[in-house]
Amino acid sequence: MAALKFELQFTDLNSKARAGKVTTDHGEILTPIFMPVGTVGSVKAVSQKQLSEDVKAQIILGNTYHLYLRPGIEVLEKAGGLHKFMSWDKPILTDSGGYQVFSLSGTRKLTEEGAVFQSHIDGSKHLFSPEIVMDIQRSIGGDIIMAFDECPPGGSEYDYAKTSMELTHRWLDRCFRRFNETMDKYGHSQNLFPIVQGGIHHDLRKFSCDYISSKDATGNAIGGLSVGEPTEKMYEICALCCEHLPAEKPRYLMGVGTPWNILECIALGIDMFDCVMPTRNGRNAMLFTSNGVINIDNKKWEKDFSAIDTGIDCEVSNNYSKAYLRHLIKAKEILGLQIASIHNLAFYIHIVTTAREKIISGDFLSWKNEMASRWQQRL
RNA sequence: UCCUCCUUAGCUCAGUUGGUUAGAGCAUCUGACUGUUAAUCAGAGGGUCAUCCGUUCAAGUCGGAUAGGGGGAG
């Protein structure tokens, strides 16, 4: 049982991109990495076996808010933690529910103590405080757990972003205190990642980076991006954060993004990503492929019996045809959602693993530029 | 051969006692989706109301003929 370790293996000479290795008690993660989102203990439409064998996922996410409401902490503890509950023996990262407090803002009430919100399932009222969220994440048992933060909307004014950031910092202190007072529950080490906030304001972000860094956590996250601000702003803030966060710790950019967002942010020094886009958009008939974005719903694929994507190493993408997948999606067959989700996730993983190879071989930037021209429209 | 019913968007159908620019679902196409309350949501295009002739200020709605189709009787 050992705390998470990060080994910085290669640094690109022409950009800030890095290749590294994260070691957890559930195995290694080679970075840069994309982490499929499995909110309620399930990457929607994709089985654990498919995640391992087809998608080649190295780590997945769970969500504190959702798992706390259902199935509930009692079940998860009795199961021996989320890994055992869902039969996934690779690393898991749990998000704290901070984002849900933001996105479900219709029914929340923020105080110094925490956030009172209503369950979207039965309307019941609950309090999330930093201490409660740490306790819940201890019970879920993720290898990496996230601080409880407030995620303000993208265009937030300076004053609101500042107030919100300061609250997040005070909550962070409480998160670490509780985290350090409590023990791992299932025989493997858990690691608390703090989250940088500060909106799109440079001085706030810099301040937040310094504050977060002072916690000397095993890894650091950047939150509050891709929440409505212009994409160029996101890159700008991401670059600034990368400069001010320690180089010897993994950097996790939360919730980002499109394949192109990911390549750009890898170039800025990000190591870890998660996003709902490959699975959600896949279920909505949007496929990310080596040749660009396609809407598999379109009639033009009706008789296209070529493979979904031969440009990536995924049996599902290589074997099933566009015409077949279109048919399944049109017919609302569950298998269609599975294939689309698996393909999109495999594509995302392909992007980050290829990025890693190119960083190591020294042609990351030229490969990235080639991708840009290949995709034409930047995905 | 006769009787009867039907014909409105690509498909299946609504269209009040004749009265503004004839609607819906599906299909087609487009857009959205970034730490999942989303197999979701938003929008667009598409009709000589089978054809022709009448009645009427006004016809998808009423009358007649023709064509195609369903059912029945011989």
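None of the values given here were measured: they were computed from a predicted structure. Naming convention: chains lettered A, B, ... in sequence-line order (proteins, then strands); numbering from 1 in each chain. All values below were derived from every heavy atom in this structure, side-chain atoms included, with hydrogens, water molecules and symmetry-related copies excluded.
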Euclidean distance for [atom1], [N] against [M] (whole angstrom):
{"N": "B/rG18", "M": "B/rG63", "atom1": "C1'", "value": "13 Å"}
{"N": "B/rU16", "M": "B/rA22", "atom1": "P", "value": "15 Å"}
{"N": "B/rG45", "M": "B/rA50", "atom1": "P", "value": "24 Å"}
{"N": "B/rA73", "M": "B/rG46", "atom1": "P", "value": "47 Å"}
{"N": "B/rC52", "M": "B/rG68", "atom1": "C1'", "value": "15 Å"}
{"N": "B/rU21", "M": "B/rA58", "atom1": "P", "value": "15 Å"}
{"N": "B/rG74", "M": "B/rU28", "atom1": "C1'", "value": "48 Å"}
{"N": "B/rG69", "M": "B/rC26", "atom1": "P", "value": "32 Å"}

Whole-Å distance between [N] [atom2] and [X] [atom1]?
{"X": "A/I270", "N": "B/rG35", "atom1": "CD1", "atom2": "C1'", "result": "13 Å"}
{"X": "A/H327", "N": "B/rA39", "atom1": "NE2", "atom2": "C1'", "result": "15 Å"}
{"X": "A/M286", "N": "B/rU30", "atom1": "CE", "atom2": "P", "result": "12 Å"}
{"X": "A/F288", "N": "B/rA32", "atom1": "CZ", "atom2": "P", "result": "11 Å"}
{"X": "A/H66", "N": "B/rU37", "atom1": "NE2", "atom2": "P", "result": "4 Å"}
{"X": "A/L345", "N": "B/rU36", "atom1": "CG", "atom2": "P", "result": "14 Å"}
{"X": "A/F34", "N": "B/rU36", "atom1": "CZ", "atom2": "P", "result": "11 Å"}
{"X": "A/M277", "N": "B/rA38", "atom1": "CE", "atom2": "C1'", "result": "13 Å"}

Does [N] have a Watson-Crick or wobble partner in any strand here, with both distances under 3.5 angstrom, and which is it?
{"N": "B/rA73", "result": "B/rU1"}
{"N": "B/rA58", "result": "none"}
{"N": "B/rC52", "result": "B/rG64"}
{"N": "B/rA22", "result": "none"}
{"N": "B/rG43", "result": "B/rC29"}

Would you indicate what [X] reaches in the nucleic acid, counting non-hydrogen atoms under 4.0 angstrom: base, sugar-phosphate, or nothing?
{"X": "A/N261", "value": "base"}
{"X": "A/I195", "value": "base"}
{"X": "A/Q118", "value": "nothing"}
{"X": "A/N284", "value": "base"}
{"X": "A/G224", "value": "base"}
{"X": "A/M234", "value": "nothing"}

Item to complete: Please determine if a side-chain N or O atom of A/R283 lies less than 4.0 Å away from the OP1 or OP2 oxygen of B/rA38.
Response: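 For B/rA38, neither OP1 nor OP2 has a side-chain N or O of A/R283 closer than 4.0 Å.
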Worksheet item: Is the phosphate of B/rA38, meaning OP1 or OP2, less than 4.0 Å from a side-chain N or O of A/K44?
Response: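 Checking B/rA38 against A/K44, a side-chain N or O does come within under 4.0 Å of OP1 or OP2.
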Worksheet item: Taking atom types as modelled and ignoring hydrogens, do the side chains of A/R178 and A/Q137 form a donor-acceptor contact shorter than 3.5 angstrom?
Response: no
Worksheet item: Quick one: do the A/Y235 and A/N261 side chains pair a donor with an acceptor below 3.5 Å?
Response: yes
Discussion item. Other residues, nucleotides and ligands only: do more than 12 of their heavy atoms fall within 6.0 Å of NZ on A/K90?
Written reply: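 For A/K90, atom NZ is crowded (more than 12 foreign heavy atoms under 6.0 Å).
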From [options], nucleotide with atom closest to [X] side chain:
{"X": "A/Q100", "options": "B/rU34, B/rU37, B/rA38", "answer": "B/rU37"}
{"X": "A/N298", "options": "B/rA38, B/rG35, B/rU30", "answer": "B/rU30"}
{"X": "A/S96", "options": "B/rU28, B/rG35, B/rU34", "answer": "B/rG35"}
{"X": "A/R326", "options": "B/rC33, B/rU28, B/rG35", "answer": "B/rU28"}
{"X": "A/D149", "options": "B/rU30, B/rU36, B/rG35", "answer": "B/rG35"}
{"X": "A/N295", "options": "B/rG35, B/rU30, B/rU34", "answer": "B/rU30"}

Less than 4.0 angstrom from a charged side-chain N to a carboxylate O is my criterion; do [X] and [Y] meet it?
{"X": "A/D12", "Y": "A/R18", "value": "no"}
{"X": "A/K330", "Y": "A/E302", "value": "no"}
{"X": "A/K368", "Y": "A/E264", "value": "yes"}

Worksheet item: Going by heavy atoms in the side chains, are A/F288 and A/V293 under 4.5 Å from each other?
Response: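 A/F288 reaches A/V293 side chain to side chain.
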Discussion item. Walk me through whether A/L76 and A/L82 qualify under side-chain contact (heavy atoms from CB on, under 4.5 Å).
Written reply: CA-CA 6 Å; A/L76 287 165; A/L82 183 58; 4.1 Å; yes
Fill in: Heavy-atom donor-acceptor pair, A/N63 side-chain to B/rG35 base, under 3.5 Å
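Result: no qualifying N/O pair found.
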Discussion item. Nearest heavy atom decides the nucleotide; on that basis, is A/A147 or A/I334 closer to the 5' end of RNA chain B?
Written reply: A/A147
